[in-house]
Amino acid sequence: MIRHRFWRLFNAMEVATDTDYDLIGRLLEISPLNPSPGEAHGILCGLLCGGASDPLNAWFLQLLPAAESAEPADPLLAGVREGLSDLATATQNGIRDPDLGFHPLLPDDDRPLAERATALYDWVRGFLFAFGVLGVAESDLSEQTREILRDFTDLTRMDLDNLDDAEENEEALAEVIEFIRVAAMLIHDERANPVDVSGQP
């Protein structure tokens, strides 16, 4: 059933080039990790910022482990990988060049604030998960990066219950998103030396 649904999706779209939050969510339905789009993007950004030697392959190992043993001509996996690769390329280019406008992958601003806040929570969890996958020692990080990761951990304790679209909540969310955006680029700039995670499951 899932395979049939995706086959129709890719027949209609040919190649997924949009980085729309909902589209990425549909692509990720095949992943046994079952991440939200925000969490998957957070994992990618964590691998990029943490210094993975081959972040795209490491990302696919987490999201699509079955692809390693699948038939090369499998159209379902090929289509999902191509769609996610477009997102990964845009993210990698953006995080390396602030002028290209790097941003965490989140629902559009017209979506309910609670939905966007939950997606941001997922993004931060994914980012921290990637650092765990990389096995980066705290002693190898600068004080600035250690402080940022502590702040990220605090964000995973956000109270997401009963959030409404009040103006003060909108402003607070915008500030947190901007903090995360800048923090990710700062960590990326600091951690230039790649970490080999090719053997990770």
Side-chain angles (χ1 to χ4, degrees), residues 16 18-29 31 33-50 55 59 62-63 83-84 86-134 136 138 141-191:
D18 194 346
T19 56
D20 175 80
Y21 191 87
D22 292 330
L23 172 58
I24 297 302
R26 292 196 294 274
L27 296 179
L28 290 169
E29 288 180 19
S31 171
L33 191 63
N34 194 31
S36 69
E39 184 178 7
H41 194 243
I43 293 172
L44 171 63
C45 293
L47 293 169
L48 288 168
C49 295
W59 192 44
Q62 295 299 323
L63 299 182
L84 294 177
D86 291 334
L87 171 63
T89 298
T91 300
Q92 190 167 37
N93 291 338
I95 209 165
R96 288 174 174 172
D97 184 353
D99 292 336
L100 295 179
F102 165 74
H103 292 280
L105 180 66
L106 302 173
D108 291 338
D109 289 344
D110 60 357
R111 303 281 273 273
L113 183 139
E115 181 181 350
R116 287 177 281 136
T118 299
L120 185 64
Y121 165 85
D122 288 346
W123 190 98
V124 173
R125 282 197 318 133
F127 190 96
L128 294 173
F129 171 81
F131 263 68
V133 168
L134 290 171
V136 180
E138 186 171 320
L141 302 174
S142 70
E143 178 54 37
Q144 173 181 258
T145 294
R146 289 198 295 269
E147 184 176 349
I148 288 172
L149 294 180
R150 286 194 293 268
D151 288 341
F152 277 19
T153 300
D154 287 342
L155 287 172
T156 64
R157 303 187 183 107
M158 285 189 301
D159 182 5
L160 300 176
D161 294 331
N162 302 315
L163 272 179
D164 59 33
D165 294 340
E167 184 177 349
E168 58 268 27
N169 289 337
E170 287 283 357
E171 292 174 354
L173 181 62
E175 289 175 2
V176 173
I177 291 172
E178 180 62 13
F179 163 70
I180 286 174
R181 186 183 77 84
V182 173
M185 288 189 291
L186 287 173
I187 295 176
H188 182 270
D189 287 345
E190 177 186 310
R191 294 196 51 79

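Because the structure is a prediction, the values reported are computed rather than measured. Values below: all heavy atoms of this structure, side chains included; hydrogens, waters and symmetry mates excluded.
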Handout entry: Glu147 bridged to Arg150 by N-O distance under 4.0 Å
Key = no
Practice task
Of all the heavy-atom pairs spanning Cys49 and Ile95, show the shortest one and how long it is.
Solution key: SG-CD1, 3.4 Å
Exercise for the section: Take Leu120 and Leu155 through the side-chain contact (heavy atoms from CB on, under 4.5 Å) test and state the conclusion after the steps. Expected result: CA-CA 9 Å; Leu120 185 64; Leu155 287 172; 6.0 Å; no
Practice task
Check the pair Phe102 / Leu48 against side-chain contact (heavy atoms from CB on, under 4.5 Å), numbers first and verdict last.
Solution key: CA-CA 13 Å; Phe102 165 74; Leu48 288 168; over 6 Å; no
Handout entry: CD (Glu167) with more than 12 external heavy atoms under 6.0 Å
Key = no
Practice task
Check step by step if side-chain contact (heavy atoms from CB on, under 4.5 Å) holds for Arg125 and Thr156.
Solution key: CA-CA 7 Å; Arg125 282 197 318 133; Thr156 64; 3.8 Å; yes
Problem - Leu28 side chain near Leu84 side chain, heavy-atom distance below 4.5 Å - result: yes
Handout entry: Gap between atom CD of Glu39 and atom CG of Leu128 - 0.5 Å precision
Key = 11.0 Å
Exercise for the section: Would you please classify the geometry between the Phe179 ring and the Phe152 ring as parallel, tilted or perpendicular, with 30° and 60° separating the classes? Expected result: perpendicular
Practice task
To the nearest 0.5 Å, tell me how far Asn34 CG sits from Leu63 CG.
Solution key: 11.0 Å
Practice task
Indicate yes or no: at least one non-hydrogen side-chain atom of Leu87 is less than 4.5 angstrom from one of Thr91.
Solution key: yes
Practice task
For the residue pair Ile43 and Val133, establish whether any side-chain heavy-atom pair is separated by less than 4.5 Å.
Solution key: no
Completion exercise
Between Ala117 and Leu160, the two heavy atoms sitting closest are CB-CD2, 4.0 Å
Fill in the blank from the handout: Shortest non-hydrogen pair, Pro104 vs Ile177, comes out as CD-CG2, 4.5 Å
Handout entry: Cationic N near anionic O, under 4.0 Å, Arg26 to Glu29
Key = no
Exercise for the section: Would you check if Arg157 and Asp154 make a side-chain contact, meaning some heavy-atom pair closer than 4.5 Å? Expected result: yes
Practice task
Decide yes or no for Leu149 and Arg146: does some side-chain heavy atom of the first lie under 4.5 Å from some side-chain heavy atom of the second?
Solution key: no
Practice task
Decide yes or no for Val136 and Arg191: does some side-chain heavy atom of the first lie under 4.5 Å from some side-chain heavy atom of the second?
Solution key: yes
Fill in the blank from the handout: OG1 (Thr145) and CZ (Phe131) are apart, to the nearest 0.5 Å, by 7.0 Å
Completion exercise
In this structure, NE2 of His41 is separated from CD1 of Ile24 (nearest 0.5 Å) by 8.5 Å
Exercise for the section: Would you name the heavy atoms of Ala40 and Trp59 that are closest together and state the gap between them? Expected result: O-NE1, 2.9 Å
Exercise for the section: Would you sort out whether Glu190 and Ile187 count as a side-chain contact (heavy atoms from CB on, under 4.5 Å), showing the intermediate values? Expected result: CA-CA 5 Å; Glu190 177 186 310; Ile187 295 176; 5.7 Å; no
Practice task
To the nearest 0.5 Å, tell me how far Asp159 CG sits from Tyr121 OH.
Solution key: 11.0 Å
Problem - Min side-chain heavy-atom separation Gln92-Leu44 under 4.5 Å - result: no
Handout entry: Under 3.5 Å donor-acceptor, Arg116 side chain and Leu106 backbone
Key = no
Practice task
Please tell me if the side chains of Tyr21 and Leu105 come closer than 4.5 Å, counting only heavy atoms from C-beta onward.
Solution key: yes
Completion exercise
Separation between CZ (Phe127) and CG (Asp122), nearest 0.5 Å, reads 15.0 Å
Problem - Main-chain N/O of Asp110 paired to Asp108 side chain as donor or acceptor, under 3.5 Å - result: no
